[in-house]
2 protein chains.
Amino acid sequence: MARPQKFDTNTVLDQAMAVFWLKGYDDTSIQDLVDATGLNRGSLYNAFGDKAQLFAQVMEHYKANSPARQLVQAPEGTSPRTLIQDFLTALVLRAQKDPDRKGCLITNTAAGLYGCDEAMNEWICNTLETLENVLTKVIILGQERSEITSERDAQTLARFLVTTAQGINVIASSQVNLDHLSDVVDQVMWTLGDPDTITKPKNDTTDGNSLAFPSDPQHLY
Amino acid sequence: MARPQKFDTNTVLDQAMAVFWLKGYDDTSIQDLVDATGLNRGSLYNAFGDKAQLFAQVMEHYKANSPARQLVQAPEGTSPRTLIQDFLTALVLRAQKDPDRKGCLITNTAAGLYGCDEAMNEWICNTLETLENVLTKVIILGQERSEITSERDAQTLARFLVTTAQGINVIASSQVNLDHLSDVVDQVMWTLGDPDTITKPKNDTTDGNSLAFPSDPQHLY
DNA sequence: GTTATTTTAGAACGTACGTACAAAAATTTT
DNA sequence: AAAATTTTTGTACGTACGTTCTAAAATAAC
């Protein structure tokens, strides 16, 4: 009983995302979005609300297709250590393949957000915390399987990885030689422990698999 | 033979920096800068050029007073390991003390810069590369003094530290619980090696101090 | 004290932006 | 086929921005 939409919502979000990602929120005009999507101004406002609301939907769309997704959507038996390496490598490969050096839309927004939009800030915090929680679970599994060092607390390692990922994305946004990032991923994986030597110290005295990491890890500094 | 400036350039740059840092380049209007500095529009343009030129001078002013400065201005005998720890800790303390969660102006600009301003992009790359070079030197010194592990290439560790610092600044910009950042610094310092155990493997066969790190470090992954 | 020169002051300009509105087109249901 | 409803289309509006320009004020040199 009504005229149906001519456009596909996901396609339009993809097109809008491309613009926001390339130019940033402030430098993207409604006209840019009209040109990129092929929709009319009125159609855009009717379907997605104002600029901030559209951006929020674009962010959700971005997150749903971001490299972090593979952390939660990986097949059951995947090695935790490989999962982490693939995640970081995905960030680097994306950066190296992108001639526009757009970095990560979420990272860019987190760094460029200046307290004005409180709702978006909260969304970003939730996203970062979710990533931390997912990584914590993966690390605990990796520690149980002796793929990741148990000398360090899993949550500490997770926070470290979240921070490193943000740093990688910042470097990706700049024009610095991106070959550096492979070194960074190497270094981060090295930090998680040498898989060949992790097993040895764990099987000496007690059952290392029942408790993944010491309940009270000593901080060295 | 001419009327002298009524204002102090450094003070004005400080005031302009505060606005740019808080609101970001795009969201800062000339009127904001006029209000913050107390200068008239004409005086601003006369003294600093247009908005982009003023911002470039603000960035230089920021860099000259940034936490990274202590890396190059530290007294001669300072422990390299302490130098790095103090640098990272300074980023965290600044973040924890800042109710506005402004993060780092350079990081925010690097992440928010969208290819439009080529000169600024180049400036940021130079800044990041300089930081990497300084850190490399510090790390080499730390390796020579057995304060930092020699199992990893110094430049790799430097790139890793640069990336981590950027990540810390991104987290600082968000509203995430900043206690996490102390964990991250702990983890990063742990990555540089346990100072109590570094000395032992180095003094076994050859003179470990003449060559700081193996010329061809093996990558583990 | 006069002159030269620079800063200050405020207004004005042109542009670009986000948003709202009203008429036309289109399609499913009755 | 007609009616009802939503999308589409294009325009128009008000605002805010970066920049420029002209006149006035102020000070150092002569």
S.K.: In whole Å, I'd like the distance from the CG atom of A/L33 to the P atom of C/dT19.
M.R.: 11 Å
S.K.: Please report the distance, rounded to the nearest Å, between CZ in A/F7 and C1' in D/dT8.
M.R.: 10 Å
S.K.: So which of B/D100, B/D32, B/T28 actually passes side chain to side chain donor-acceptor pair (under 3.5 Å) with B/K23?
M.R.: B/D32
S.K.: CZ of A/F20 versus P of C/dG18: gap in Å, rounded?
M.R.: 9 Å
S.K.: Between C/dT19 and A/R41, counting only base atoms on the nucleotide and side-chain atoms on the residue, is there a donor-acceptor pair under 3.5 Å?
M.R.: yes
S.K.: Report the nucleotide, chosen from D/dT19, C/dT8, C/dC17, that has the shortest atom-to-atom distance to any side-chain atom of A/S29.
M.R.: C/dC17
S.K.: Does a nitrogen or oxygen in the side chain of A/N40 sit under 4.0 Å from OP1 or OP2 of D/dT8?
M.R.: no
S.K.: Quick one: A/Y45 OH to D/dT7 P, roughly how many Å, whole number?
M.R.: 17 Å
S.K.: Taking the nucleotide of DNA chain C with the closest heavy atom to each, which residue, A/G42 or A/D32, is nearer the 5' end?
M.R.: A/D32
S.K.: Return the value, rounded to whole Å, for the distance between atom CG of B/D50 and atom P of D/dC17.
M.R.: 17 Å
S.K.: Among D/dT7, D/dG18, C/dG18, which is the nearest nucleotide to the side chain of A/K51?
M.R.: C/dG18
S.K.: Can you measure A/L54 atom CG to C/dT19 atom C1' for me and round it to whole angstrom units?
M.R.: 14 Å
S.K.: Cut-off 3.5 Å, side chains only: do B/T107 and B/Q166 have a donor facing an acceptor?
M.R.: yes
S.K.: Can you check whether A/R152 reaches B/D186 side chain to side chain, under 4.5 Å on heavy atoms?
M.R.: yes
S.K.: A/S43 near the nucleic acid: base, sugar-phosphate alone, or nothing, with a heavy-atom cut-off under 4.0 Å?
M.R.: base
S.K.: For residues A/E151 and B/W190, is any side-chain donor paired with an opposing acceptor at under 3.5 Å?
M.R.: no
S.K.: Whole angstrom is fine here: how far is it from CG in A/L39 over to P in D/dT8?
M.R.: 7 Å
S.K.: Distance check needed: C/dG10 C1' versus B/I30 CD1, whole Å only.
M.R.: 16 Å
S.K.: Cationic tip of B/K51 within the cone over B/Y45's six-membered ring, i.e. under 6.0 Å and within 45° of the normal?
M.R.: no
